[in-house]
Each structure stands twice: as C-alpha cells, then as structure tokens.
Enquirer: 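Dropping a structure here in structure tokens format, bear with me for questions.
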Number of protein chains: 2
Amino acid sequence: MLYRLPRNLGEDDLERRKPESSRLKKPSNPRSDPAFRDKLRDTVMGIGRRLIVQEGLASVQARRIASEAGCAVGSIYNVFQDLDALIIALNTVTLGELGSALKAAHDASKNAPTHERLLALAQAYFEFAGSNRQLWRAIFEHHLPEGAKAPAEYRDDQNSLFALVEDCLIDDISDAAERRRAARALFASVHGIVSLALDRKLGEFEPDETRKQIEFLVGCAARGLQAK
Amino acid sequence: MLYRLPRNLGEDDLERRKPESSRLKKPSNPRSDPAFRDKLRDTVMGIGRRLIVQEGLASVQARRIASEAGCAVGSIYNVFQDLDALIIALNTVTLGELGSALKAAHDASKNAPTHERLLALAQAYFEFAGSNRQLWRAIFEHHLPEGAKAPAEYRDDQNSLFALVEDCLIDDISDAAERRRAARALFASVHGIVSLALDRKLGEFEPDETRKQIEFLVGCAARGLQAK
DNA sequence: CGGCCTTTTTGAACGGCGTTCAAGCCGTAC
DNA sequence: GTACGGCTTGAACGCCGTTCAAAAAGGCCG
C-alpha cells in the first residue's frame, strides 16, 4: 500500500527561500544563508533520489532520510514543507530528465518523416521508463492530497513534453486544437502501453513485446493520419 | 505493509472455506461454519467498497473497517490475510464489473465494422472508469509488495478483457500473435488516455476532450489497420 | 571575554497506521 | 458439568509523518 493520506501542502512551497528573500533581512546567522539551507536540501534530495532508485517511492521516509543524512527528522521539515514537497521536487527533476531525453530524440529526427519521428519519441519514452523504472514510476505513483494542485512547473514540464509530439504533427494536422488533441492522445497511448507493461500486473515485463506494441501503435497512427 | 510469507496458507486464501472444504472436518462450532465467516467477509467487503467509492483506496483501513463493522480489528484478519488481500478481493470484483461492461459493449456491436466495435469498447471503458472513478483508480493504485504475484484470477480477468478487443480484430489481423499484440496495444492506449485524463495531474478532467482523444486514437487505429 | 539575539537543530512526543497474539468467550460434544 | 476447539477481542508492538519546546550555534556588541 503505497500512497499516503493527504497532507497539507502549501501551494508553492517549492518556491520558498529564494535568494532575494534572504536579502531583505541580512541573516545574522550564517546558517540561515541560502548556501547552508541548499546544502541540506541537496543532501536530502540526493538521498531521496537514491531511495527511490534502489527501493521505490515507499522508502522515501523522514526518519530514514534523517538517519542517512546524519541529521534529526525535524531538520528535513526545515527545507521541505513535508514529504510530499520533497517527492514533488524529486519528480520534477525526473520530469526534466525525461524531457531532455525526449527532446534529444525529437531533435535527432528533425528531418525524418512523421512516422519515424513519432516512433523515435515513443521509443525514447520507453527507453527512459525502462532504464529509470523506479524514478519513472514515482511520478505516477505519487498522488497529491485531495485539495492540492501540482505546482505550475509540473504542468509546464508535462506540456513541453506534449509540445514535442505536437511539433511532429505540424505537417499532418493543420488545425492547432486538433493537433494538440492528437499529440496528447498519442502521448497518453504510449504511456499506457509502457505503463501496463512495467506494472507487472499481467505476467512479467517483456521489453521486446512492448517495443513491438509501440511499433504497432505508432505505425497505425501514422498510417491513419495519412489515410485521413 | 509487507507480505509476510503465509503461515500455512497457499496463494489462494481467497478460496478458503468453500463448502466442500468444511465437509472434510465437520465444524464443532457453528461460528466456524462458512456462513458465519462469509457473512463477516461480505460485511467487510461491503464497507471496504464503500470506503473506496466515497473516499478512495487510502481510506481502506483496518481500524476504520472494524469500527464500521462493529467488530474488533483482529476479526478482519480472520477473514482476510491482510489488507492487501482485502483490496485484491475488492479489485477483483471491480475487474469483473469492468469485464461485464466491456462485454456488453462488445456483444451489442456484434455485426458492426471494426472501427465501430473498437470505439464501442473504448467508450465503454471510459464510461466505466468515469462513473466508477475511485473503484477504477483503486485497481491501478494498489501495488503488490515486491515478491508477491497477483492471483491467477486477476490475470485471467485482464486477459479476458484483452480477448474482447482481440475478437474485434479477427477480420483485420489474421496472425494470432500479431492480433494479440494489437489488442493489448490498443487496450493499453485507451487505458493511457483515460488514465492521464482522470489523474488530474494536468489541469482538470474534461470528459469531452477525453472522448475526442479516444475517438481520434480509435479512428487512427482503424484507418491504420485498413491501410496496412 | 560575556551577554544578547536570531535562527537552526534536535528528538521526545502525539496520533495514527497495519498487524499480532494471549486471554477470554461460547457453542458443541461427551 | 467439563473439556474442547475456534472465534473474538483489544491492548501492545513497531512502524509512520509531523510538531514544537527546548537546546545549541553563530554573529554582534559592549
């Protein structure tokens, strides 16, 4: 049972503690210096990331992190509002890395036909999810408490992923709204295939089978677009 | 919540206490009668289901269920090995209901062309997920502990869902392996679209937009199959 | 140096979780 | 009546996230 009961989450706590906020009041204590804070923040995030990679999201626990970071539990709550905020920060990093991977595939196939470009993106997505399984899973395993909204950065990152697909369809779908919809549908489709494949809920994970499913889907979509 | 290896129970504790098993040893106490056990079992499952529907999977808690069922926490562990087993039992029910919904759509479109049949299935899936959000989410939110495997029934249920899609493709894809792959890919694709739409991680849930995405995907796939 | 002040760090404490298990309870059998 | 099971019970155990009063740490000033 991997999720948690809702916690309170300030809307933008990820944006706290910007350098300029500390300029308003000169810190009389160097430990209130952003550098100090950021150091612990980085340490905590590093440990959190390692925990996700090695054991999964469920192992991101306050006491665990504190003991590995050599500090008290309370200190974690000094740099992150709560564990949700830490997880969101970690997932934002992962989302960024996923974005880079997709962007690389997108750029590399710049002048190829639509079919190839879509396939390159889909394969890059699958590749990333497969070789960063736990990090990737963490993105979708983590659920915000009922009221809370994902930070803007989160949604922007997701939108920029969709935009990569959208860009591949620019020659095939002239209407912008329709293109946007198609891009999201295709992205979600590949996500669905990868998602069900990695959630070993039906038998073991078979990379080759998954790859072929992706090829089938993208092939159908590309042909379907042309035949339109 | 760790899956301790069962004391003496095999993987099918859901199947325990069938009438025939009680014939082997006549119970010396009526409370060991299947009827008694099943009554509590049903009560617990009823409460569990209501908790999922009303508040989500996270509210399926031992103390909560016990208090609503008017029994002690320990009694729950007499009819379910642990909460995971309860959740799996609940999800199995949901999976069955989903299967019925899809089968109805499948049967109703018996003689329609492939495109319509696929669309009917996809729409039925979306319809089910949308009007049973929490129950549907619970299926994918719940993760088995590392070592454990889903019960056979679970996988059989999933396979029978795929089979419905497969059946729609029988005229379009002659090779059985390829048809199987296509069915899974399409199912997963629709699942992906519905999944990302309902996980309000990117903006609010917009049923109409989702419906159009599904129409786009199925349309592409159907045309793509013909153009093959 | 010793106060003074600010901010961080600390970890015991709180409430809640899943799960266990010794002790009691309760029909039945003898 | 007594003995025998299995069922029920709920306190207890060991976790969890989170809080917050108290302690500590570092700069400042007289």
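Throughout, protein chains are lettered first and strands after them, A, B, ... in sequence-line order, and every chain is numbered starting at 1. Just the heavy atoms: all of them, side chains too, but no hydrogens, waters or symmetry mates, feed the values below.
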Enquirer: Take a 6.0 Å sphere around CZ of B/Arg64 and say whether it holds more than 12 heavy atoms from other residues, nucleotides or ligands.
Expert: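 Counting neighbours around CZ of B/Arg64, more than 12 heavy atoms of other residues, nucleotides or ligands fall under 6.0 Å, so yes.
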Enquirer: Using 30° and 60° as the class limits, which term best fits the ring planes of B/Phe140 and B/His191: parallel, tilted or perpendicular?
Expert: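 Ring orientation, 0 to 90° scale: tilted.
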Enquirer: Indicate yes or no: does A/Glu209 engage B/Arg181 in a salt bridge with an N to O separation below 4.0 Å.
Expert: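 Result for this pair is yes, salt bridge flagged.
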Enquirer: Identify, between B/Val73 and A/Val73, the residue whose nearest nucleotide on DNA chain D lies closer to the 5' end.
Expert: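 Comparing both residues, the 5'-ward one is B/Val73.
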Enquirer: Between B/Leu135 and B/Phe128, is any pair of side-chain heavy atoms under 4.5 Å apart?
Expert: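 A side-chain contact under 4.5 Å is absent here.
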Enquirer: Over how many whole Å does the gap from B/Gln61 atom CD to C/dG18 atom P extend?
Expert: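 That distance rounds to 5 Å.
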Enquirer: Atom CG in B/Asn91, atom NE2 in B/His142: separation rounded to 0.5 Å?
Expert: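 If we round to the nearest 0.5 Å, B/Asn91:CG and B/His142:NE2 are 7.0 Å apart.
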Enquirer: Could one point to a donor on the side chain of A/Arg63 or the base of D/dG17 with an acceptor on the other under 3.5 Å away?
Expert: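 Yes.
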Enquirer: Which residues in residues 46-55 of chain A have at least one heavy atom lying under 4.0 Å from any atom of DNA chain D?
Expert: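 Heavy-atom contacts with DNA chain D come from no residue of residues 46-55 of chain A; none.
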Enquirer: Just so I know, are the side chains of A/Tyr125 and A/Ile214 near enough to count as touching, which here means a heavy-atom distance under 4.5 Å?
Expert: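 They are not in side-chain contact.
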Enquirer: Please report the distance, rounded to the nearest Å, between CD in A/Gln81 and P in D/dC20.
Expert: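 A/Gln81 atom CD is separated from D/dC20 atom P by 13 Å.
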Enquirer: Do any side-chain nitrogens or oxygens of B/Asn78 fall under 4.0 Å of OP1 or OP2 in D/dG6?
Expert: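 Result: no.
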Enquirer: Could you state the CG-P distance from A/Leu40 to C/dT8, rounded to the nearest angstrom?
Expert: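 The answer, rounded to whole Å, is 11 Å.
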Enquirer: On DNA chain D, check which nucleotide each of A/Gly74 and A/Ala62 is closest to and give me the residue with the more 5' one.
Expert: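 The residue whose closest nucleotide sits nearer the 5' end is A/Ala62.
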Enquirer: Please check this pair: side chain of A/Asp199 against backbone of A/Ser195, looking for a donor-acceptor N/O pair closer than 3.5 Å.
Expert: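 Side chain of A/Asp199 to backbone of A/Ser195, a donor-acceptor pair under 3.5 Å: no, none is there.
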Enquirer: When the distance from CG of B/Asp82 to C1' of C/dC17 is rounded to whole Å, what number comes out?
Expert: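 From B/Asp82 CG to C/dC17 C1': 14 Å.
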Enquirer: How long is the line joining CZ of A/Arg64 and P of D/dG14, in whole Å?
Expert: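 Roughly 19 Å, once rounded to whole Å.
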Enquirer: With side chains defined as the heavy atoms from C-beta onward, is the minimum distance between A/Asn159 and A/Phe162 less than 4.5 Å?
Expert: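 Heavy-atom side-chain distance check passes, below 4.5 Å.
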Enquirer: Do the side chain of A/Asp82 and the main chain of A/Ala85 share a donor and acceptor less than 3.5 angstrom apart?
Expert: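 Checking the backbone N and O of A/Ala85 against the side chain of A/Asp82, a donor-acceptor pair under 3.5 Å is found.
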Enquirer: Taking CZ from B/Arg41 and C1' from D/dC7, how many angstroms apart are they, rounded to a whole number?
Expert: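 So the two atoms are 17 Å apart, to the nearest Å.
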Enquirer: Taking Watson-Crick (N1-N3 plus N6-O4 or O6-N4) and G-U wobble (N1-O2, O6-N3), each under 3.5 Å, can you produce the dot-bracket string of DNA chain C? Use [ ] for crossing pairs and | for inter-strand ones.
Expert: ||||||||||||||||||||||||||||||
Enquirer: Would you say B/Ser75 places a side-chain N or O within less than 4.0 Å of OP1 or OP2 belonging to D/dC7?
Expert: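 Indeed not, no polar side-chain atom of B/Ser75 lies that close.
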Enquirer: Provide, to the nearest angstrom, the distance between the CZ atom belonging to A/Phe80 and the P atom belonging to C/dT8.
Expert: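 In whole Å, C/dT8 P lies 15 Å from A/Phe80 CZ.
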